[in-house]
> 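Sharing a structure below in structure tokens format, with a few things to ask.
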There are 2 protein chains.
Amino acid sequence: MTADPVSLVFAALADPTRRAILARLASGEATVNELAAPFPVSVQAISKHLNVLERAGLIVRTREAQWRRCRLDPAPLRTLSEWVDQYRRLWDDRYDTLDDYLRDLKERSDGTAQ
Amino acid sequence: MTADPVSLVFAALADPTRRAILARLASGEATVNELAAPFPVSVQAISKHLNVLERAGLIVRTREAQWRRCRLDPAPLRTLSEWVDQYRRLWDDRYDTLDDYLRDLKERSDGTAQ
DNA sequence: CCTTCTCTCAACCACTTGGTTGATAAACCG
DNA sequence: CGGTTTATCAACCAAGTGGTTGAGAGAAGG
């Protein structure tokens with residue numbers, strides 16, 4: 001799956017089950033069983049989905065006793081937001097002039113290595 | 001690949017070649033051969049990538065004579081940006097209070113069916 | 001100790017993906 | 001008309017994906 005980080009994040013999000021898991025985790029930590037409960041698939045399938053999310057850096061898993069708690073890590077989403085916003089001038093009406101666009105680009109690039 | 005539109009867009013972006021094609025198209029229309037030139041793969045492979053981008057709604061293709069010009073359609077990127085921003089409160093420091101967050105949620109939801 | 005609960009590992013399966021090569025269609029050009 | 005350019009279609013292949021079932025490891029608890 002072309003191991004570059006951005007591709008990993010996009011690929012991880014290209015599945016409704018995984019996006020639903022993230023939505024659930026946005027409101028707090030959860031165990032694997034808790035995450036699997038709403039879905040009509042096996043716990044093993046959910047475990048695989050969690051592997052994908054973990055490889056993409058979107059969640060972190062901590063073990064306590066026999067439970068593995070999952071927590072959402074929004075850092076990759078921030079990176080993604082910045083990637084998408086590269087194209088913002090193509091649709092957004094907030095850029096009235098090229099100057100506005102260039103000024104904003106400069107602001108965004110301050111300490112933000114692509 | 002689970003035909004829902006959001007998944008289609010994420011999946012289309014989960015490939016560095018396709019993202020490079022979009023970056024090229026951000027600076028203007030291009031034909032298939034022009035798009036294929038920088039890549040070490042066949043023109044047919046690029047044609048397949050363009051099919052994926054078209055199904056995701058990220059490009060539109062118009063035919064003139066023997067050329068098919070490709071143009072970027074940023075609308076799905078806007079949708080994506082809104083999707084990602086659902087999680088913005090989890091990382092961004094611009095939300096100082098819950099009130100700020102809720103007020104912003106209300107603004108975003110005006111005419112923005114999820 | 002034995003059972004139960006939680007979770008992962010391993011093997012397997014159908015399907016998709018990203019690439020190839022070869023053939024074909026369509027339009028221009030001499 | 002004959003050849004060249006542009007792009008797609010079709011068949012194929014290796015590798016990956018999302019699901020299954022079955023087995024097993026670790027910790028809690030009667």
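In what follows, every chain begins at residue 1, and chains take the letters A, B, ... in the order their sequences are listed.
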> Among Arg71(A), Arg24(A), Arg68(A), which one satisfies salt bridge (charged side-chain N to carboxylate O under 4.0 Å, His left out) with Glu29(A)?
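Going through Arg71(A), Arg24(A), Arg68(A) one by one, the salt bridge (charged side-chain N to carboxylate O under 4.0 Å, His left out) with Glu29(A) is satisfied by Arg71(A) alone.
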> State yes or no: do Leu80(B) and Val60(B) share one hydrophobic cluster built from I, L, V, M, F, W and Y residues joined by side-chain heavy-atom distances below 4.5 Å, directly or via other members?
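Different clusters.
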> Stepwise, does the side-chain contact (heavy atoms from CB on, under 4.5 Å) test hold for Cys70(A) with Thr31(A)?
CA-CA 6 Å; Cys70(A) 301; Thr31(A) 67; over 6 Å; no
> What is the minimum heavy-atom distance between Ala26(A) and Tyr87(B), and which atoms define it?
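Shortest heavy-atom separation between Ala26(A) and Tyr87(B) comes out as CB-CE2, 3.8 Å.
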> Show the numbers, then the answer: is there a side-chain contact (heavy atoms from CB on, under 4.5 Å) between Asp85(B) and Ser81(A)?
CA-CA 7 Å; Asp85(B) 281 358; Ser81(A) 176; 3.7 Å; yes
> Is Asp73(A) salt-bridged to Arg61(A), going by a charged N under 4.0 Å from an acidic O?
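Looking at Arg61(A) together with Asp73(A), the answer is no, because their closest N to O distance does not fall below 4.0 Å.
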> Reckon Arg63(B) has a side-chain N or O less than 4.0 Å from the OP1 or OP2 of dT6(D)?
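No, outside the criterion.
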> Of all the nucleotides listed (dT21(C), dG18(D), dG19(D)), which has the minimum atom distance to the side chain of Ser42(B)?
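Among dT21(C), dG18(D), dG19(D), the one nearest the side chain of Ser42(B) is dT21(C).
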> Is there any protein nitrogen or oxygen under 3.5 Å from a nitrogen or oxygen in nucleotides 11-15 of chain C, and what are the pairs?
none

> Fit a plane to each ring of Phe10(B) and Phe10(A), take the angle between them on a 0 to 90° scale, and name the class: parallel (under 30°), tilted (30 to 60°) or perpendicular (over 60°).
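Tilted, since the angle between the ring planes falls between 30° and 60°.
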> Can you measure Leu53(A) atom CG to dG18(D) atom P for me and round it to whole angstrom units?
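Checked: the CG to P distance equals 10 Å.
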> Could you pull out the protein-nucleic contacts involving nucleotides 2-9 of chain C (nitrogen or oxygen on both sides, under 3.5 Å)?
from, atom 1, to, atom 2, distance (Å)
dT6(C), O5', Asn33(A), ND2, 3.1
dC7(C), OP1, Val32(A), N, 3.4
dC7(C), OP1, Arg68(A), N, 3.4
dC7(C), OP2, Asn33(A), N, 2.8
dC7(C), OP2, Asn33(A), ND2, 3.0
dT8(C), OP1, Arg61(A), NH1, 2.9
dT8(C), OP2, Ser47(A), OG, 2.6

> Is any side-chain nitrogen or oxygen of His49(B) closer than 4.0 Å to OP1 or OP2 of dT17(C)?
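No, outside the criterion.
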> Should Val9(A) and Val52(B) be counted in the same cluster of Ile, Leu, Val, Met, Phe, Trp and Tyr side chains packed under 4.5 Å apart?
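No, Val9(A) and Val52(B) fall in different hydrophobic clusters.
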